[in-house]
Amino acid sequence: MRHLLFGTAYYDEYMPYDRLDEDVRMMKNAGINVVRIAESTWSTCEPQPGVFDFSHVERVMDAMEQAGIQVIIGTPTYAVPTWMAKAHPETMVVTEDGQAGYGHRQLMDITSPMYRFYAERVIRELMKVSAHRKCVIGFQLDNETKHYGTSGSNVQQQFVKYLREKFQEDLNAMNLAFGLDYWSNCLNAWEDFVDVRTACNASLSAEFEKFQRMLVTEFLQWEADIVNEYRREDQFVTQNFDYEWRNYSYGIQPDVDQHQAAKATTIAGTDIYHPSQNQLTGKEIAFGGSVARSLKDGQNYLLLETQAQGKVHWLPYRGQLRLQAYSHLSEGANSVMYWHWHSIHNSVETYWKGLLSHDFAENDTYREACRIGKEFAEKGDRLINLKKKNDVALLASNISLTGLKYFPPEAPLLNPGIQYNDIVRWMYDALYEMNVECDILWPESENFDDYKIIIVPAFYAAADEVLERLNRFVESGGHIIVSFKSAFCDENLKVNSDEQPHILNHSLGIRYHQFTLPRGKVGLTGIVAGSGKRVAGEENRKETAAHAFMELLIPGDAEVLASYEHYNWKEYAAITKNRYGKGTATYIGTMTDAEVLKNVYRLVMTEAGVDVSDEHAGVIIHKGTNDYGNTVRYYLNYSPEEKQVFYRYGDAVDVLTGENIPAASRMNLEPWGVRILEE
């Protein structure tokens, strides 16, 4: 890309009165150079079957083209019109709760032939009026696409066909792989397949969820194939991938295999939402950016949606909007785009506020956006296309996510209902707080050897060949840090019947036969555990307690880094480190507090030669290489206090102010402030 994109979603269809010219004027004043339109307006574009009205789309394209603002066209297929639901109720998704009623978005069956017929037609008509336009720089496929739980009879028939192909018509092989002999679930004829929604066998259910994710990959490729017939070579194709939602963007998306689905795009896109005000930490920005950047093997990505004002309690403090924008760039984003331009005056998202409030007047958030837009325009050439070369990667697994949904590591007193993404974020967030950047790997990734350290959270379900790859990675000089609940099952959720952890016990140098939950006072003691002092006011745990789940580790050749401090469990190890070949393999058999985990990280990173610069509390440091071949470092102050930091690298220039920053000098960061230094 040649310049940073700074923009917003814009819906002329939603306006209470005509103000397009005024909106364009205010956008230009704010430095906005791109808008995203059309992705949720099917009923306006096609008010009746085969009757098309793209006047809003064309009107906005005309205005933006005249103003020099670029446009991203979204296919409108994720919110279907009423006439389709009325005439073809079979297009509404059938889930385990029955058939969806009309009203919300994303309630269609993405496999429905009738839905596909109408979707293809509206996409083609939209492409005819937009693909040739000079202002249109790219296309977004659908929006936040998922499988929506589709599991009607048509989907289940496809699933049976998929299984017949996977197991080459061998029913016995499938029964064995999934353990279907339990409770007489064996299938003796393909025609006997029953409704998978009522299955009690987690292996079969997990395979169905994997198949549902495959449907998303196929659907997005289907849309891409249509768009590719019309788009110019200089126009991109993207998708707005989102994350597991816990009232904000949280973890790996369970309903899409994003690494596979991203193959339909020419550039990955994402939306990232996060807490704000005093709860703003930047962790969600970093995690979402790490995932998005890794979807296409380190390629820069587009941030297609993030909050401006957002929810009422997310109204940003002064400086936070700017801090957030540069945090996205520090992860490799080539755009910052808000959802959306104005606050909507009716319907379900009335109080999800845009860059402008309901009165359309200038406000503090808009004025801060004006500052960001000006800086992007003036300094963007130093910041665009940031290339990152990280030494650490985190291995993510959709199959493990699904497996631990069915078999959670039942927790415990302090973390009830702990799930896969809790473990992922536990391990990721500690890296973030230590200023250790990381990429995301998937089991099928081929570039394990690009990294010095691979973090492996709860790799519950894993194929033997991936575990063997991890062993070879260590043997060749790499380092792995593996959490509890790893290498327990094969890729079909069938528990391995040899010593745990399966195959990885060779590099880890440990074994265990039993596991339990930390009840009462289960502390940790050892070189990574600290003093073990009691936390004030809390009788039932220690500062270095086992917080969730406990595997009772029996070290073979491995060094014990921490043991359980409990009269009944004291002979068992909790955390170990083993030398294997030229590298090391560390195992963490319980969820600890953040400081214990960081102590483990420091120990391994020192040996692996990974730089750790976690001396600045509250200040996050990210780096990369810009288009000029220079190292750029972002200093991001996620706190309401002014911070003084020590700059320990070569002579640099502050990209935003032009100030010369000599090597080995101190500099100040204002509250919620940012400085960007280019060597």
Side-chain angles (χ1 to χ4, degrees), residues 162-163 165-168 170 172-181 201-207 209-211 213-214 252 257 259-260 393-404 406-407 409 420 423 440-449 451 454-513 515 551 553-554 556-558 576 578 580-589:
Y162 156 79
L163 289 176
E165 293 174 355
K166 175 174 179 172
F167 290 101
Q168 300 178 322
D170 189 342
N172 290 331
M174 186 188 72
N175 287 329
L176 180 63
F178 295 156
L180 291 175
D181 51 348
N201 181 285
S203 296
L204 182 61
S205 297
E207 190 70 19
E209 291 195 33
K210 176 184 175 182
F211 175 72
R213 291 191 290 269
M214 293 169 63
I252 299 297
D257 186 338
H259 192 231
Q260 295 298 321
L394 183 147
L395 182 62
S397 166
N398 276 103
I399 298 174
S400 296
L401 188 161
T402 303
L404 289 181
Y406 291 106
F407 301 111
Y420 174 80
I423 303 167
I440 305 297
L441 293 171
W442 283 266
E444 67 270 20
S445 298
E446 298 179 355
N447 57 331
F448 283 19
D449 292 337
Y451 299 94
I454 297 177
I455 308 293
V456 186
F459 198 19
Y460 179 67
D464 286 0
E465 55 265 30
V466 183
L467 300 178
E468 288 163 355
R469 284 181 64 199
L470 287 169
N471 279 344
R472 291 195 299 272
F473 171 77
V474 176
E475 193 171 24
S476 299
H479 304 264
I480 60 174
I481 302 173
V482 184
S483 90
F484 57 95
K485 278 294 183 184
S486 289
F488 198 76
C489 301
D490 67 12
E491 63 271 36
N492 297 315
L493 296 196
K494 194 168 186 178
V495 175
N496 298 303
S497 56
D498 56 351
E499 281 190 333
Q500 301 288 356
H502 177 64
I503 292 179
L504 285 186
N505 56 18
H506 300 300
S507 61
L508 290 166
I510 59 162
R511 70 185 190 279
Y512 68 89
H513 306 298
F515 46 81
E551 291 169 348
L553 308 183
I554 302 170
D557 298 326
T576 61
N578 187 55
Y580 183 73
K582 298 177 181 178
T584 65
T586 300
Y587 193 77
I588 305 173

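For clarity, every value in this text was computed on a predicted model and none was experimentally measured.
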Scanning both residues in full, the closest heavy-atom pair of Thr402 with Glu209 reads CG2-OE1, 3.6 Å
To the nearest 0.5 Å, atom CG of Leu441 lies from atom NE2 of His259 at 8.5 Å
Is it true that atom NZ of Lys166 has more than 12 heavy atoms of other residues, nucleotides or ligands lying nearer than 6.0 Å?
yes
(message) So does Tyr460 get a backbone contact from the side chain of Ser400, meaning a donor-acceptor N/O pair under 3.5 Å?
(response) yes
Looking only at heavy atoms, the pair that brings Ile399 and Glu491 closest together is CG2-O, 3.7 Å
| Considering only heavy atoms from C-beta outward, does the side chain of His502 approach that of Asp464 to under 4.5 Å? | yes
| task | Using only heavy-atom distances, determine whether the side chains of Gln500 and Glu551 contain a donor-acceptor pair under 3.5 Å. | result | no
#### Entry: Donor-acceptor pair, side chain of Asn496 and main chain of Asp498, under 3.5 angstrom
no
Closest heavy-atom pair, Ser397 versus Ala461, reported as atoms and distance to 0.1 Å, is OG-O, 4.1 Å
Correct closest heavy-atom pair for Glu499 and His513 would be OE2-CE1, 3.7 Å
Centroid separation under 6.0 Å, is that true for the rings of Phe167 and Phe178? yes
Shortest non-hydrogen pair, Val474 vs Ala585, comes out as CG1-N, 4.3 Å
- Heavy-atom side-chain contact between Phe448 and Leu395 under 4.5 Å: yes
Any donor-acceptor pair under 3.5 Å linking the side chain of Asn492 with the backbone of Lys494?
no
> Are Asn471 and Ser507 close enough that a side-chain donor and a side-chain acceptor fall under 3.5 Å?
Replying inline: yes
Taken to the nearest 0.5 Å, the spacing of Glu475 CD from Glu468 CD works out to 11.5 Å
To the nearest 0.5 Å, atom CH2 of Trp442 lies from atom CG of Leu394 at 10.0 Å
Verdict with reasoning, Asp257 to Met214, per side-chain contact (heavy atoms from CB on, under 4.5 Å): CA-CA 7 Å; Asp257 186 338; Met214 293 169 63; over 6 Å; no
Next on the checklist: For a side-chain contact (heavy atoms from CB on, under 4.5 Å) check, start with the C-alpha distance between Asp557 and Tyr580, then their side-chain angles and the critical distance, and finish with the verdict.
Outcome noted: CA-CA 10 Å; Asp557 298 326; Tyr580 183 73; over 6 Å; no
Taken to the nearest 0.5 Å, the spacing of Leu204 CG from Met174 CE works out to 7.0 Å
- Item | Side-chain donor/acceptor of Ser486 to backbone N/O of Phe459, under 3.5 Å | yes
Output for pair (His506 NE2, Leu467 CG), nearest 0.5 Å, gives 10.0 Å
Here the gap from Leu180 atom CG to Ser203 atom OG, rounded to the nearest 0.5 Å, amounts to 7.5 Å
Check: Asn578 versus Ile510: any side-chain heavy-atom pair under 4.5 Å?
Finding: no
State, with a plain yes or no, whether a side-chain heavy atom of Asn398 is found less than 4.5 Å away from one of Lys210. no
Result for side chain to side chain contact (heavy atoms under 4.5 Å, CB included) between Tyr451 and one of Asn447, Asp449, Ile455 points to Asn447
Worksheet item: Looking at side-chain heavy atoms only, is the closest gap between Lys485 and Tyr420 below 4.5 Å?
Response: no
For Val466 and Pro443 the tightest heavy-atom approach is CG2-O, 3.9 Å
Quiz item: Would you find more than 12 non-hydrogen atoms of other residues, nucleotides or ligands less than 6.0 Å from Gln168 atom CD?
Solution: no
Any side-chain heavy-atom pair of Leu508 and Thr576 under 4.5 Å | no
Quiz item: With a cut-off of 6.0 Å (strictly less than), are more than 12 heavy atoms of other residues, nucleotides or ligands near CG of Asp170?
Solution: yes
Pairwise side-chain contact, Phe515 with Phe488, heavy-atom cut-off 4.5 Å (strictly under) | yes
